[in-house]
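Below is one structure, written out as structure tokens; the observations come after it.
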There are 2 protein chains.
Amino acid sequence: MNLKELSALLGLSQTTVSRALNDYPEVSETTRKRVKAAALANNYTPNPRAKGLATGRSMAIGHVIPISTQHEMVNPIFADFIAGAGEVYAGADHDLLMSVVPDVDEERTYRNLAARGSVDGVIVHGPRADDSRIALLKKLGLPFVVHGRAGADEDSYSWVDVNNRRSFQRATEFLLQLGHRRIALINGLEGMDFANRRRAGYEAALAARAIAPDAALMASDEMTEEFGYRTARDMLARDAAPTAFVVSSMLTAIGVRRAIGDAGLCMGREVSVVIHDDVLSYLRNGGDIPLFTAVRSSVHLAGRLCARMLLDLIASPGAPPARRLLETELVIGQSTGPVPGPAPGNGPAPGDRG
Amino acid sequence: MNLKELSALLGLSQTTVSRALNDYPEVSETTRKRVKAAALANNYTPNPRAKGLATGRSMAIGHVIPISTQHEMVNPIFADFIAGAGEVYAGADHDLLMSVVPDVDEERTYRNLAARGSVDGVIVHGPRADDSRIALLKKLGLPFVVHGRAGADEDSYSWVDVNNRRSFQRATEFLLQLGHRRIALINGLEGMDFANRRRAGYEAALAARAIAPDAALMASDEMTEEFGYRTARDMLARDAAPTAFVVSSMLTAIGVRRAIGDAGLCMGREVSVVIHDDVLSYLRNGGDIPLFTAVRSSVHLAGRLCARMLLDLIASPGAPPARRLLETELVIGQSTGPVPGPAPGNGPAPGDRG
DNA sequence: ACTCATGCTCAAAGCGCTTTGAGTGCCCGA
DNA sequence: TCGGGCACTCAAAGCGCTTTGAGCATGAGT
């Protein structure tokens, strides 16, 4: 069933039917009702390709997922983010076009999307501190929203980000208040903007107590369980082992927990852990008392917000860039406690419970 | 740059240019070379919408991701699968169209994709034992490949699946050979085809030793860490606690491991665990000796195979359904060992070391 | 009665491509 | 010299939609 058939059926011109369906004011209410009813009855929906060809708009949003040649890693938060964004698209009658490309082809992919008008806008995933995509997209004139931020010039584009700096500052402070002094940071991949900000927050909290950051207690890599395990294991084997960890992801923290167990220690007693929790659907930090003490912000929500923001941006092209900074929530779980006391038995200062 | 401009530039008609680019035999080799060079130089690529409108083909593959109203869960294997499939699409110049829809709208979504020709084919994710999508897609005449299988009639459609039955039979047998007799099964969500087959394999292995399956040692649910933890904790607290677990996912097994640790036991000594390992990029069962003993099959590979199969199917519409059954690989890790000796309690025959 | 908004409807052009059916020029053999 | 293949090339139609610019009643104003 196409427009021509439908209008023949109704005894109207294609113009009128099209206008009726698209809520143009020129068509009478009676006609509109009749047309819409007929469309529904014959379950007619306009062909998006033809529509796109005629309007120049695609009603689709692009998500470009680079496959790195070095890190053959699909970002674990990706699924939840996409689910959030996808919900919004579905509600707004937009398609989600995904391109999985080797990272070397990424620029070409964006150029193509823009040149061919395959999408009305794109979401930029996983920005690095100096991300070239932002300048490129600006140049191409393709509307975009960044999930995260990239270094400088934050006011010149639209983004949705977690307040990573404050969040990690707070997490670190919490551990400091519990009496911990040797606090390790197990961070995300070097070069990622979020990892930089998290480190800055961590260092700021230490600086506020005049504690110099110790390079031996800071690690950065792809946030896998394995990375958490190895890193924590090695750090715990040191002479001046850390008594607490701040960890950038739940998955990594699971590895940290394993290392703590392997070392014969108990998480929440001898060693404390605070994590960043993305509230992934398949990795709930749940229970009555969450397993991990966490600074928490839902990535599913971030997906929704990004999508909504992008659609708004597309709808009003002249509008200035929008931004949204999400604060995290600090939830106390089982993984933190006062720093273990000096000699054989632990003796935290009374009242020092964070 | 569009076709008209390009042909004007070359002093040729649109027809010739189009044919040159699409490798029609009627155009001379000299002309073809010249045209292709010009296209490259002016980085011209045909507008996929216009192309689709003219040919009736979309050069896109659909992935419909249902968001369940009950289980608000994004399948954790999804990201890796998509990455695998996406690579193949990119190499074959196809787009990946994703629809995230409430499961109640799923049928409508498929009908729409088919009616509008938005995609040339779809991948069916997470088939349940009696999945209605297969009949629907057959009726709609939309090419499709199922990732997994759905109950009966396996020869009537195309699929890529792991040999779940044999895989779990083997995993269970391995534990039996180690002397374990009380073996628990922590499975995926009830109703999913793969969960049924895994249970069947598990039961077959037990039956071969004349062991009756114990309902109290079998659990089914969404495969989260939390589910693994709770289930294992409760089972280990029982009088006749299991000495081994067969677990349907690595994430769930991490929860099992936690429960084992909390119970003051050691995985690989007092309690053995065998998992199904999907080889997810962000959840490597790695190390020199893998953490978990596992039956292993890469879901990334499955994504590639599904995509390739679907593209082939689309290319030759008359072809009979294709299928591909992937065998798993049994890798020995640190999580399994002989059943603990008699002494205070249980008594396996000596020499029963698998 | 005539003009002029007003409200509704329409035919046709155009979006960028493929594909049909029709040339056009060239060379070969008769 | 001429007809007929052959190897290329082309103009134009059509894919299903939106949108422009125009047309046709109707009713109000003079």
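Every chain is numbered from 1 and lettered A, B, ... according to where its sequence line falls, protein lines coming before strand lines. For the numbers below, each heavy atom of this structure counts, side chains included, while hydrogens, waters and symmetry mates do not.
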Out of [options], which has the shortest distance to the side chain of [X]?
X: B:Asn2; options: C:dG16, C:dT18, C:dA12; answer: C:dG16
X: B:Glu26; options: C:dG14, D:dT9, D:dT20; answer: D:dT9
X: B:Thr16; options: C:dC10, D:dG16, D:dT9; answer: D:dT9
X: B:Leu12; options: D:dC10, C:dT18, C:dC15; answer: D:dC10
X: B:Gln14; options: D:dC17, C:dG16, C:dT18; answer: C:dT18
X: A:Ser18; options: D:dT18, D:dC15, D:dG21; answer: D:dT18
X: B:Thr55; options: C:dG16, C:dT19, D:dG16; answer: C:dT19
X: A:Thr31; options: C:dT19, D:dG16, C:dC8; answer: C:dC8
X: A:Tyr24; options: D:dC15, D:dT19, C:dC17; answer: D:dT19
X: A:Ser13; options: D:dC17, D:dC15, C:dA11; answer: C:dA11

Between [atom2] on [N] and [atom1] on [X], what's the gap in Å once rounded to a whole number?
X: B:Leu10; N: D:dT9; atom1: CG; atom2: P; value: 11 Å
X: B:Leu53; N: D:dC17; atom1: CG; atom2: P; value: 9 Å
X: A:Arg49; N: C:dT18; atom1: CZ; atom2: C1'; value: 13 Å
X: B:Leu6; N: D:dC10; atom1: CG; atom2: P; value: 13 Å
X: A:Leu3; N: D:dT19; atom1: CG; atom2: C1'; value: 13 Å
X: B:Arg19; N: C:dG21; atom1: CZ; atom2: P; value: 11 Å
X: B:Glu29; N: D:dT9; atom1: CD; atom2: P; value: 11 Å
X: B:Met59; N: D:dC15; atom1: CE; atom2: C1'; value: 17 Å

Checklist entry - For D:dC15, does OP1 or OP2 lie under 4.0 Å from any side-chain N or O of A:Asn47? => result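 Answer is no, no contact under 4.0 Å.
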
Checklist entry - Got a salt bridge between A:Asp120 and A:Arg57, using NZ or NE/NH1/NH2 to carboxylate O under 4.0 Å? => result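 A salt bridge is present here (some side-chain N lies under 4.0 Å from a carboxylate O).
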
Checklist entry - Can you find a pair of side-chain heavy atoms, one from A:Arg19 and one from A:Val35, that are under 4.5 Å apart? => result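 No - every pair of side-chain heavy atoms lies 4.5 Å or more apart.
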
Next on the checklist: Using the rule ring pair (Phe, Tyr, Trp, His ring centres under 6.0 Å), only one of A:Phe144, A:Tyr89, A:Tyr110 pairs with A:His63; which is it?
Outcome noted: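 Among the candidates, only A:Tyr89 passes.
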
Next on the checklist: Between B:Ser99 and B:Val64 (side chain of the first, backbone of the second, donor and acceptor by atom type, cut-off under 3.5 Å), is there such a pair?
Outcome noted: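 Not confirmed, B:Ser99 side chain does not pair with B:Val64 backbone.
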
Checklist entry - Between the side chain of B:Asp131 and the main-chain N/O of B:Arg128, is any donor-acceptor distance below 3.5 Å? => result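 Yes, the answer is positive, given that a donor and an acceptor are paired below the 3.5 Å cut-off.
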
Item to check | Nearest-nucleotide 5' precedence on DNA chain D, B:Ala54 against B:Thr15 | outcome: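 The residue mapped nearer the 5' terminus is B:Thr15.
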
Checklist entry - Which part of the nucleic acid, if any, lies within contact of A:Ser28, taking any heavy atom under 4.0 Å across all strands shown: a base, the sugar-phosphate backbone alone, or nothing? => result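 Result for A:Ser28 = sugar-phosphate.
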
Next on the checklist: At 4.0 Å (heavy atoms only), tell me whether A:Gly117 reaches a base, stays on the sugar-phosphate, or touches nothing.
Outcome noted: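 No contact at all - A:Gly117 keeps every heavy atom at 4.0 Å or more from the nucleic acid.
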
Checklist entry - Yes or no on salt bridge (charged side-chain N to carboxylate O under 4.0 Å, His left out) for A:Arg32 and A:Asp23, after CA distance, side-chain angles and deciding distance? => result CA-CA 8 Å; A:Arg32 184 190 316 287; A:Asp23 290 323; 3.6 Å; yes

